[in-house]
Amino acid sequence: MASPMPTPTHRVKRRRLDLSPPPHLNDLADELLFLILDRAAAHDPRALKSFSLVSRACHAAESRHRRVLRPFRPDLLPAALARYPALSRLDLSLCPRLPDAALAALPAAPSVSAVDLSRSRGFGAAGLAALVAACPNLTDLDLSNGLDLGDAAAAEVAKARRLQRLSLSRCKRITDMGLGCIAVGCPDLRELSLKWCIGVTHLGLDLLALKCNKLNILDLSYTMIVKKCFPAIMKLQSLQVLLLVGCNGIDDDALTSLDQECSKSLQVLDMSNYYNVTHVGVLSIVKAMPNLLELNLSYCSPVTPSMSSSFEMIHKLQTLKLDGCQFMDDGLKSIGKSCVSLRELSLSKCSGVTDTDLSFVVPRLKNLLKLDVTCCRKITDVSLAAITTSCPSLISLRMESCSLVSSKGLQLIGRRCTHLEELDLTDTDLDDEGLKALSGCSKLSSLKIGICLRITDEGLRHVSKSCPDLRDIDLYRSGAISDEGVTHIAQGCPMLESINLSYCTKLTDCSLRSLSKCIKLNTLEIRGCPMVSSAGLSEIATGCRLLSKLDIKKCFEINDMGMIFLSQFSHNLRQINLSYCSVTDIGLISLSSICGLQNMTIVHLAGVTPNGLIAALMVCGLRKVKLHEAFKSMVPSHMLKVVEARGCLFQWINKPYQVAVEPCDVWKQQSQDLLVQ
């Protein structure tokens, strides 16, 4: 018998163990690395700091990545600019006090093209000279609220010859001489704001028009311009946006002096808050500016049929704002005939708007995307039916305090206007059925339904299921809402950034625990919610690292423990209202460790002493503090002056102590009675 054939043995190849080191961080392309850092910073800006501490390579990568710097302390500027060589924007608005010496210490920063000094004080011409010298490629400079800046400072700004955008809003000491220096030194200016620059006249504007012929945007709101200024303004052949809000030196006579079609490039004109302009002046405007796309005449003279008919000359008009105006007979109807290309119509707080007028107008505005009829208290379901039938493509509808529209009428909005992104139904008869009808509005990002006393948790459940992209919701004084409804919103709307739950008195810490999962939340208002406590606030502090605005007034159960959690985790907090809380000196001093905190309201805090208040104010760099007037005599005046010298503004409040929180229905009735009176 033959012996069996031997089975061939297959030698198994062993895979060699790769002992080579993993790819080094330096091997990654900067584009990929920066993309990773961007995603990390979107979740928590402080993640970049943690990343930079991992290794030297991470530290170097983070230094190359950063483009924007927002320091809290000016003394750290030289070291920060040395560390971040690729910076393009320097935001110093969080430094309330910025002396000339701090700007003089700046090292050369050729990469910096934009600087924001809009909320800083203490610097002058010498500091600006140092800034311009250190940033030779400066193209964008914001000096808004520079109340102490004059012509000498403007002369130093003029040395930034590459400047394209400049804001001098509220620089009231700048005159024609300073503006002339800027006009000569900065011929490439594209955007200029002279809002509240009351020292500027036609002389400065003449030179500006002569030298800065590339200007696209000019803001002259609340200045002393008169008839003589118009020829200079109209010489700006590239001008596209002109803002003239509250310039009451302009009247019909000034406007009739405009040459016909003198500004063909102008697309946006804001002449709101005018009391001396009638339909005669408006007719001159539309003749002289035939290519306007946006016109704002809010809070001006009554709207007559002749004024409305004149809009027909502006064939391309897309946005018309007439807020606060009085409509005469057939004034609104004429808009329907003459402005058929409108995409946005704003009639907020207008008197004389009726169902007859709106029902005539909206069917003729086929392209309308945004409509504001806030406080048009005479319109009813008739108007709403016309709006929803004729304008199904609306993306924004504001109907606050339209009290004659019924809950049944409001249901038409959700059924017919399914493209809505913004909806304001504050103080209306909205109920749960109306919210259920919004199930078709899946693109909704902003929903304001405060003082709607008939909505309940069931209605919010419908919203949470149908509006996953919701970012802003206002439930102010919607008293029937409980923890269940807030939980529905928190779970169904993960993109939520802002929520107002003030005076929703049924809410407890469960609501805050649910909201703590919304990691993009930056604004939380829970004023007058007496059952929330520090336990719930601690959940918000640890979960919502982007929180920047917090209102906890009359949250009596919030104490020092809540402040300690905020100080540890809420490093982006900028504004807080602590009035009537149970916070003492310990909590206030803990809160003061947040470097970026700007505004604080601390009225009627029984546990805070003058010594504790001064200790907190000396530690943090607050810009504005609201205090009860009683503290003014308790705190040494020289200490207050020290804090004010650092850039802090005190606002003294003299309100009586009032603990009780009125029920929402009682408060609403009192408000309506006051309105009738």
Side-chain angles (χ1 to χ4, degrees), residues 72 93-98 118-122 144-148 169-170 172-173 196 222 502-503 523-528 530 548-556 558-560 562-563 566-567 573-662 667 674:
F72 301 124
S93 61
L94 297 180
C95 299
R97 188 74 178 175
L98 190 66
S118 60
R119 303 182 68 187
S120 300
R121 298 180 181 178
S144 301
N145 305 305
L147 300 178
D148 298 326
S169 298
R170 293 187 179 273
K172 297 183 179 181
R173 295 189 178 185
W196 282 107
Y222 301 103
S502 297
Y503 299 104
T523 300
L524 176 62
E525 299 181 60
I526 49 174
R527 171 188 300 206
S548 61
K549 180 181 178 181
L550 179 63
D551 188 346
I552 50 176
K553 178 180 178 180
K554 292 192 176 182
C555 294
F556 309 114
I558 291 181
N559 54 30
D560 294 339
M563 300 304 102
L566 288 175
S567 67
L573 195 63
R574 299 289 179 266
Q575 179 177 332
I576 188 169
N577 189 340
L578 297 170
S579 301
Y580 292 91
C581 291
S582 301
V583 175
T584 69
D585 292 346
I586 296 173
L588 197 61
I589 294 173
S590 298
L591 202 61
S592 66
S593 66
I594 301 177
C595 297
L597 194 60
Q598 300 285 294
N599 297 339
M600 184 185 292
T601 302
I602 41 179
V603 181
H604 295 306
L605 284 185
V608 173
T609 66
N611 289 337
L613 175 62
I614 285 296
L617 293 177
M618 294 300 291
V619 172
C620 61
L622 286 169
R623 188 178 305 279
K624 185 177 181 180
V625 182
K626 291 184 180 180
L627 289 165
H628 194 273
E629 201 170 38
F631 270 108
K632 198 171 186 178
S633 59
M634 298 180 188
V635 178
S637 59
H638 70 278
M639 298 298 290
L640 291 178
K641 290 180 180 178
V642 169
V643 178
E644 287 176 336
R646 293 167 53 186
C648 183
L649 176 66
F650 289 101
Q651 184 175 349
W652 303 100
I653 307 296
N654 187 19
K655 288 185 177 180
Y657 186 78
Q658 185 179 359
V659 177
V661 178
E662 294 176 339
W667 179 88
L674 185 63

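Just the heavy atoms: all of them, side chains too, but no hydrogens, waters or symmetry mates, feed the values below. When a residue number appears, it is its place in the shown sequence, counting from 1.
Residues F631 and T609 share a closest heavy-atom pair of CE2-C, 4.0 Å. When all heavy atoms are compared, the tightest approach of E629 to W652 is CA-CE3, 4.1 Å. Summarising the geometry of S118 relative to N145, their closest heavy-atom pair is O-ND2, 3.0 Å, with the distance given to 0.1 Å. The minimum heavy-atom distance linking C95 with S120 is given by the pair O-OG, 2.9 Å.
Side chains of S579 and N577: a donor on one and an acceptor on the other come within 3.5 Å.
Summarising the geometry, atom NZ belonging to K632 is positioned 10.5 Å from atom CZ belonging to F650; distances are rounded to the nearest 0.5 Å. For the atom pair L524 CG and K549 NZ, the distance stands at 11.0 Å (nearest 0.5 Å). We find the CZ-CG distance between R173 and D148 to be 5.0 Å, quoted to the nearest 0.5 Å. L147 contributes atom CG, which lies 8.0 Å from atom CZ of R170 (distance to the nearest 0.5 angstrom). Taking OG1 of T584 as the reference point, atom CE of M563 lies at 10.5 Å (rounded to 0.5 Å). Taking CD1 from I526 and SG from C555, the interatomic distance works out to 4.5 Å, rounded to the nearest 0.5 Å.
For P636, the side chain to side chain contact (heavy atoms under 4.5 Å, CB included) partners are H638, M639, not counting sequence neighbours. Listed by chain and number, the residues in a side chain to side chain contact (heavy atoms under 4.5 Å, CB included) with A630 are H628, M634 (sequence neighbours excluded). Listed by chain and number, the residues in a salt bridge (charged side-chain N to carboxylate O under 4.0 Å, His left out) with D585 amount to none (sequence neighbours excluded). The salt bridge (charged side-chain N to carboxylate O under 4.0 Å, His left out) search around R646 returns none, not counting sequence neighbours. Among residues two or more places apart in sequence or in another chain, the side chain to side chain contact (heavy atoms under 4.5 Å, CB included) test is passed with S548 by N522, R574.
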Does V583 form a side chain to side chain contact (heavy atoms under 4.5 Å, CB included) with N559? I'd like the steps, not just the answer. CA-CA 5 Å; V583 175; N559 54 30; 5.6 Å; no

Residue pair V643, M618: steps toward the side chain to side chain contact (heavy atoms under 4.5 Å, CB included) verdict: CA-CA 7 Å; V643 178; M618 294 300 291; 3.8 Å; yes

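The shortest distance between side-chain heavy atoms of V625 and L649 does not fall below 4.5 Å. At least one side-chain heavy atom of Q651 sits less than 4.5 Å from a side-chain heavy atom of I653.
Using a distance-only test at 3.5 Å, with no hydrogens or angles considered, a donor-acceptor pair links the side chain of D551 to the main chain of K553. Between the side chain of S582 and the main chain of F556, a donor-acceptor pair closer than 3.5 Å is present.
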Tell me which donor-acceptor pairs under 3.5 Å the side chains of residues 587-608 have, and how far apart each pair is, sequence neighbours excluded?
unit_1, atom_1, unit_2, atom_2, d
S590, OG, I586, O, 2.9
S592, OG, I589, O, 2.5
S593, OG, S590, O, 2.7
Q598, OE1, R623, NE, 2.9
Q598, OE1, R623, NH2, 3.2
Q598, NE2, G596, O, 3.3
H604, NE2, K655, O, 2.9

